[in-house]
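Below is one structure; the comments refer to it alone.
Order of listing sets the numbers, starting from 1, for every ligand and every atom in it. Small disclaimer: the values here were computed from a predicted structure and weren't measured. For reference, positions follow the sequence shown, starting with 1.
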Amino acid sequence: MDAAHPQGFTAQTTQTTRQQLRQQARLKRQALTPQQQEQASKAVLSRFCQLREVRQSQHVALYLNNDGELDTEPLIEWLWHQNKNVYLPVLHPFSKGHLLFLHYRPETKMHCNRYGIAEPVLDVRLVKPVHELDLICTPLVAFDEQGQRLGMGGGYYDRTLSQWHHTGTGPRPLGLAHDCQQVRHLPSEAWDVPLPAIITPSAHHRWSSS
Ligand SMILES: Nc1ncnc2c1ncn2[C@@H]1O[C@H](COP(=O)(O)OP(=O)(O)O)[C@@H](O)[C@H]1O
Ligand SMILES: [Mg+2]
């Protein structure tokens with residue numbers, strides 16, 4: 001038995017299962033109709049704007065939706081309306097696998113990164129150090145009943161949240177997802193950072209006491 005996978009899974013089968021779960025969850029969210037997407041986004045916004053952790057945050061990282069993800073535009077508009085600062089992830093130009101967070105305004109110049117996702121054009125004056133953010137809204141492909149999170153496979157948010165996970169310092173994450181992205185159990189790896197809270201159109205899942 002592989003010591004790192006005591007339930008009998010080998011590293012190889014774990015990776016295959018994770019890849020299959022990723023593919024299934026992506027297909028489900030991509031199949032949502034424009035009407036379902038609109039309703040989902042409205043329902044998440046009404047939860048989001050009442051959350052204490054959101055109301056208490058002044059510097060909020062979000063992301064632009066892609067691949068059937070929940071539409072984040074209404075959340076961004078609401079945050080701007082509340083005079084809160086919004087930041088978007090940008091692929092780090094030198095440090096592979098890492099993200100930078102840039103201040104995002106309606107007039108921010110955007111371009112497409114190598115994944116075809118729109119991101120602000122890198123300008124060092126707009127970079128916000130992660131420890132100065134209050135809240136990081138994370139995208140996810142699938143989540144399970146324990147708050148384990150599966151991303152697109154780059155490990156970007158695992159790296160971003162590693163310090164918070166190990167020391168409890170820095171911005172808290174908040175996952176955003178459609179209900180159909182929930183699975184019973186995700187095989188996790190040592191580096192995966194489980195989320196303390198996730199909001200979906202029909203639920204506010206919470207796993208930590210805080
Ligand atoms: N904190 C970290 N430090 C170094 N490498 C990491 C870290 N977190 C994740 N990785 C690497 O990123 C890769 C993708 O991680 P994975 O969890 O499969 O992706 P995702 O979280 O996007 O689904 C893995 O090869 C993993 O080793
Ligand atoms: Mg991961």
Side-chain angles (χ1 to χ4, degrees), residues 2-30 61-70 72 87-101 112-119 127-133 135-200 205-208:
D2 183 337
H5 298 84
Q7 292 135 330
F9 283 117
T10 63
Q12 186 59 46
T13 48
T14 298
Q15 286 314 318
T16 306
T17 309
R18 282 160 70 92
Q19 203 44 40
Q20 286 168 347
L21 290 168
R22 224 176 239 127
Q23 192 56 23
Q24 286 163 8
R26 288 183 62 192
L27 288 173
K28 278 194 211 161
R29 72 183 185 188
Q30 287 166 8
L62 252 153
Y63 57 91
L64 297 183
N65 53 286
N66 175 50
D67 193 55
E69 287 168 343
L70 193 103
T72 53
Y87 303 84
L88 292 181
V90 169
L91 299 179
H92 197 293
F94 317 120
S95 189
K96 196 172 174 289
H98 287 81
L99 297 172
L100 293 171
F101 288 87
C112 275
N113 67 22
R114 77 178 123 92
Y115 297 113
I117 300 172
E119 63 174 31
V127 173
K128 185 79 170 163
V130 168
H131 68 266
E132 291 180 15
L133 294 168
L135 185 67
I136 300 184
C137 298
T138 68
L140 58 93
V141 172
F143 66 100
D144 74 8
E145 290 172 357
Q146 277 77 47
Q148 283 293 346
R149 168 187 179 278
L150 196 63
M152 289 287 274
Y156 290 96
Y157 282 89
D158 289 324
R159 291 184 186 83
T160 302
L161 299 171
S162 165
Q163 190 193 336
W164 171 81
H165 185 48
H166 289 108
T167 67
T169 61
R172 264 170 75 85
L174 171 67
L176 304 177
H178 293 288
D179 293 293
C180 65
Q181 291 172 248
Q182 183 169 4
V183 300
R184 187 177 291 170
H185 175 72
L186 285 175
S188 59
E189 296 283 10
W191 59 79
D192 284 322
V193 177
L195 297 174
I198 295 177
I199 46 176
T200 69
H205 302 273
R206 256 183 282 210
W207 291 277
S208 71

Find the distance between [atom1] ([X]) and [atom2] ([Y]) and round it off to the nearest 0.5 Å.
| X | Y | atom1 | atom2 | result |
| --- | --- | --- | --- | --- |
| Glu69 | Arg26 | CD | CZ | 9.5 Å |
| Tyr157 | Leu99 | OH | CG | 5.5 Å |
| Arg22 | Met152 | CZ | CE | 8.5 Å |
| Leu150 | Phe143 | CG | CZ | 12.0 Å |
| Leu140 | Gln181 | CG | CD | 5.5 Å |
| His92 | Phe101 | NE2 | CZ | 11.5 Å |

Legend entry - Region of Arg22 engaging ligand 1 - heavy atom pairs below 4.0 Å: side chain
Inset, instruction - Of the side chain and backbone of Val141, name the one, both, or neither that has a heavy atom under 4.0 Å from an atom of ligand 1. - result: neither
For [atom], what's the nearest protein heavy atom and its distance?
| atom | value |
| --- | --- |
| atom 18 (O) of ligand 1 | Arg18 NH2, 3.1 Å |
| atom 19 (O) of ligand 1 | Gly155 N, 3.2 Å |
| atom 17 (O) of ligand 1 | Trp191 NE1, 2.7 Å |
| atom 21 (O) of ligand 1 | Asp158 OD2, 2.8 Å |

Using heavy-atom distances, let me know which of [options] sits nearest [atom].
| atom | options | result |
| --- | --- | --- |
| atom 14 (C) of ligand 1 | Ser162, Gly153, Ala190 | Gly153 |
| atom 4 (C) of ligand 1 | Arg149, Arg159, His98 | Arg159 |
| atom 23 (O) of ligand 1 | Gly151, Ala142, Ser188, Gly154 | Gly151 |

Legend entry - N, O or S atom within Asp192 nearest to the Mg ion (ligand 2), by name: OD1
Inset, instruction - Could you pull out the atom name of the N/O/S atom in Asp158 that is nearest the Mg ion (ligand 2)? - result: OD2
Inset, instruction - Could you tell me whether any N, O or S atom belonging to Glu189 is less than 2.8 Å from the Mg ion (ligand 2)? - result: no
Legend entry - Candidate pair Ile136 and Tyr87, rule side chain to side chain contact (heavy atoms under 4.5 Å, CB included), full reasoning: CA-CA 9 Å; Ile136 300 184; Tyr87 303 84; over 6 Å; no
Inset, instruction - Give a yes or no on whether a salt bridge exists between Arg29 and Asp67, defined as a side-chain N under 4.0 angstrom from a carboxylate O. - result: yes
Inset, instruction - For a side chain to side chain donor-acceptor pair (under 3.5 Å) with Asp192, tell me which candidate from Gln148, His165, Arg149, Arg18 qualifies. - result: Arg18
Inset, instruction - May I ask you to check if ligand 1 and Gln15 share an N or O to N or O distance below 3.5 Å? - result: no
